[in-house]
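Remarks on the structure that follows.
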2 protein chains.
Amino acid sequence: MECKPEFQTDRKKEMMAVHDAMDVLNGKWKIYIISSICHYNKRRFSDILNDVTGISNKMLSKELKELEINKLIERTVLDTHPITVQYELTKHGKTLKTIIDNLTAWGMEHRKEVTGKNQQE
Amino acid sequence: MECKPEFQTDRKKEMMAVHDAMDVLNGKWKIYIISSICHYNKRRFSDILNDVTGISNKMLSKELKELEINKLIERTVLDTHPITVQYELTKHGKTLKTIIDNLTAWGMEHRKEVTGKNQQE
DNA sequence: CCGGATCCCTTGCGATACTG
DNA sequence: CAGTATCGCAAGGGATCCGG
């Protein structure tokens, strides 16, 4: 039932790597959140809440936590009167920009490819 | 409640483009399927079924259909005794390789970044 | 061999309300 | 302001069987 590992080690590793990457970007919101923070450099909770159309505070909270665990963003609590929390991309998080740019470019090409007329598939 | 569209047109377009791209790669299986076909150039249904660990025929069937709709793969029915179906990437589908490679590279870096020891987060 | 149909369980995620 | 808690639906996806 199992192929001998030696025969597919490289492919398997590739697969796993892709899987890891996709795992970080799972759900409906992650890239938008990253994209938002990336664009503004530093961003507060409620600002992101506003940037990302349609997300709920519960989701945002959950997603941010996951991103933090994955070392993509850093959370800083500011000692203002009503608490303020700032999020920013880590050095590692910033390396995602390449991928986002790639996806952006590809997405535009794709839209042209699939249909030249409408804007929402 | 709505920002004036003119102020965010480019950002919105970027968002949409990323969304389009992610939409094509949604679900648990798409990239693995593409990756499989890409690696072998042409691939039959049951071969892919074997390549992609854990996928069910129902899922594979569904995913392939979506990929075909999105013009990423091409389906060819071969007139053999028991029917045979071959899938291959379209020219457009092949442009995804860049992204997959990117994700692969990033995924490897990510694993190192998050933890240097284990292999499954 | 290819893949559709059905059944069912799990998960994602939205809405709302509440706390420090 | 920044989150947490609870509820509940609907989509995703696995197992199995069926038909061309």
Side-chain angles (χ1 to χ4, degrees), chain A residues 1 15 18-19 22-37 40 42-70 72-89 120-121, chain B residues 1 15 18-19 22-37 40 42-70 72-89 120-121:
Chain A
M1 193 136 277
M15 291 292 205
V18 176
H19 182 81
M22 290 306 281
D23 223 58
V24 170
L25 304 177
N26 70 357
K28 286 170 67 175
W29 307 111
K30 299 258 169 48
I31 3 174
Y32 303 112
I33 295 171
I34 294 171
S35 183
S36 164
I37 302 177
Y40 292 101
K42 300 188 179 196
R43 206 69 177 145
R44 294 183 319 151
F45 189 88
S46 47
D47 291 331
I48 303 174
L49 202 58
N50 257 292
D51 289 343
V52 183
T53 326
I55 196 172
S56 67
N57 53 353
K58 176 181 120 183
M59 271 302 120
L60 181 54
S61 173
K62 204 191 76 183
E63 305 285 73
L64 285 170
K65 211 177 291 173
E66 290 181 30
L67 291 174
E68 199 191 353
I69 288 173
N70 281 316
L72 298 182
I73 62 175
E74 224 175 70
R75 200 180 99 113
T76 317
V77 179
L78 302 182
D79 211 14
T80 50
H81 314 75
I83 272 184
T84 297
V85 184
Q86 226 171 44
Y87 293 92
E88 56 188 312
L89 292 183
Q120 193 67 17
E121 66 208 24
Chain B
M1 194 135 274
M15 289 292 203
V18 175
H19 184 82
M22 290 305 282
D23 224 57
V24 170
L25 304 177
N26 70 357
K28 286 169 68 175
W29 307 111
K30 299 255 169 50
I31 4 175
Y32 303 112
I33 296 171
I34 293 171
S35 183
S36 164
I37 302 177
Y40 293 101
K42 299 187 180 200
R43 207 72 177 141
R44 294 183 319 151
F45 189 88
S46 46
D47 291 331
I48 303 174
L49 202 57
N50 257 292
D51 290 342
V52 183
T53 326
I55 196 172
S56 66
N57 54 351
K58 175 182 118 181
M59 272 301 118
L60 181 53
S61 173
K62 204 191 73 180
E63 304 286 73
L64 285 170
K65 207 178 295 173
E66 290 182 29
L67 291 174
E68 199 191 354
I69 289 173
N70 280 317
L72 298 181
I73 63 175
E74 226 175 70
R75 200 181 99 111
T76 316
V77 179
L78 302 182
D79 211 14
T80 51
H81 313 75
I83 271 184
T84 298
V85 183
Q86 225 170 45
Y87 294 91
E88 57 188 314
L89 293 183
Q120 193 66 16
E121 64 208 23

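Here is how names work: the chains are called A, B, and so on, in the same order as the sequence lines, proteins then strands, and each is numbered from 1. Please read these numbers as outputs of a predicted model, since none were measured by experiment.
- Rounded to a whole Å, the CG atom of B:Leu49 is 14 Å from the P atom of D:dT16.
- The NZ atom of A:Lys30 lies 9.5 Å from the CG atom of A:Leu72; values are rounded to the nearest 0.5 Å.
- Taking all atoms of both residues into account, the shortest heavy-atom contact from A:Asn57 to A:Phe45 is O-CZ, 3.8 Å.
- Remark: P of C:dC8 and CE of B:Met59 are 17 Å apart, rounded to the nearest angstrom.
- Between B:Ser56 and the phosphate of D:dG13, there is no side-chain N or O to OP1/OP2 separation shorter than 4.0 Å.
- If you check every strand for non-hydrogen atoms under 4.0 Å, A:Gly27 touches sugar and phosphate atoms only.
- Here the straight-line distance linking atom CD1 of B:Ile48 with atom CD of B:Gln86 works out to 10.0 Å at 0.5 Å rounding.
- One can place CZ of B:Arg44 at 8 Å from C1' of C:dC1, the figure rounded to the nearest angstrom.
- Of the residues near DNA chain D, A:Thr84 and B:Gly54, the one whose nearest nucleotide (by heavy atom distance) lies more toward the 5' end is A:Thr84.
- With hydrogens and angles ignored, no donor-acceptor pair closer than 3.5 Å exists between the side chain of B:Lys28 and the base of D:dG13.
- Summarising the geometry, the separation between CG on A:Leu60 and P on C:dG14 is reported as 11 Å, rounded to the nearest angstrom.
- Across every non-hydrogen atom of B:Glu88 and B:Ile37, the tightest pair is CA-CG2, 3.7 Å.
- For B:Lys58, whose side chain is taken as the heavy atoms from C-beta onward, the closest listed nucleotide among C:dT6, C:dG4, D:dC1 is C:dT6.
- Following rounding to the nearest Å, B:Ile55 (CD1) and D:dT16 (P) show an atom-to-atom distance of 17 Å.
- Side-chain contact between B:Leu67 and B:Tyr87: absent, with no pair of heavy atoms (C-beta onward) separated by less than 4.5 Å.
- Side-chain N/O atoms of A:Lys62 include none lying less than 4.0 angstrom from OP1 or OP2 on C:dG12.
- Per the geometry, CG belonging to B:Asn26 stands 12 Å off P belonging to C:dC13, to the nearest Å.
- Atom CZ of A:Arg43 is separated from atom C1' of D:dA2 by 15 Å (rounded to the nearest Å).
- Summarising the geometry, the separation between OH on A:Tyr32 and P on C:dC13 is reported as 12 Å, rounded to the nearest angstrom.
- Closest to the A:Asn57 side chain, of the nucleotides C:dG4, C:dG14, C:dA17, is C:dA17.
- Summary of the strand contacts: B:Ile83 and A:Tyr87 both lie near DNA chain D, and taking for each the nucleotide with the nearest heavy atom, the more 5' one is attributed to A:Tyr87.
- Phosphate proximity of C:dC2 to B:Ser46: present, with a side-chain N or O under 4.0 Å from OP1 or OP2.
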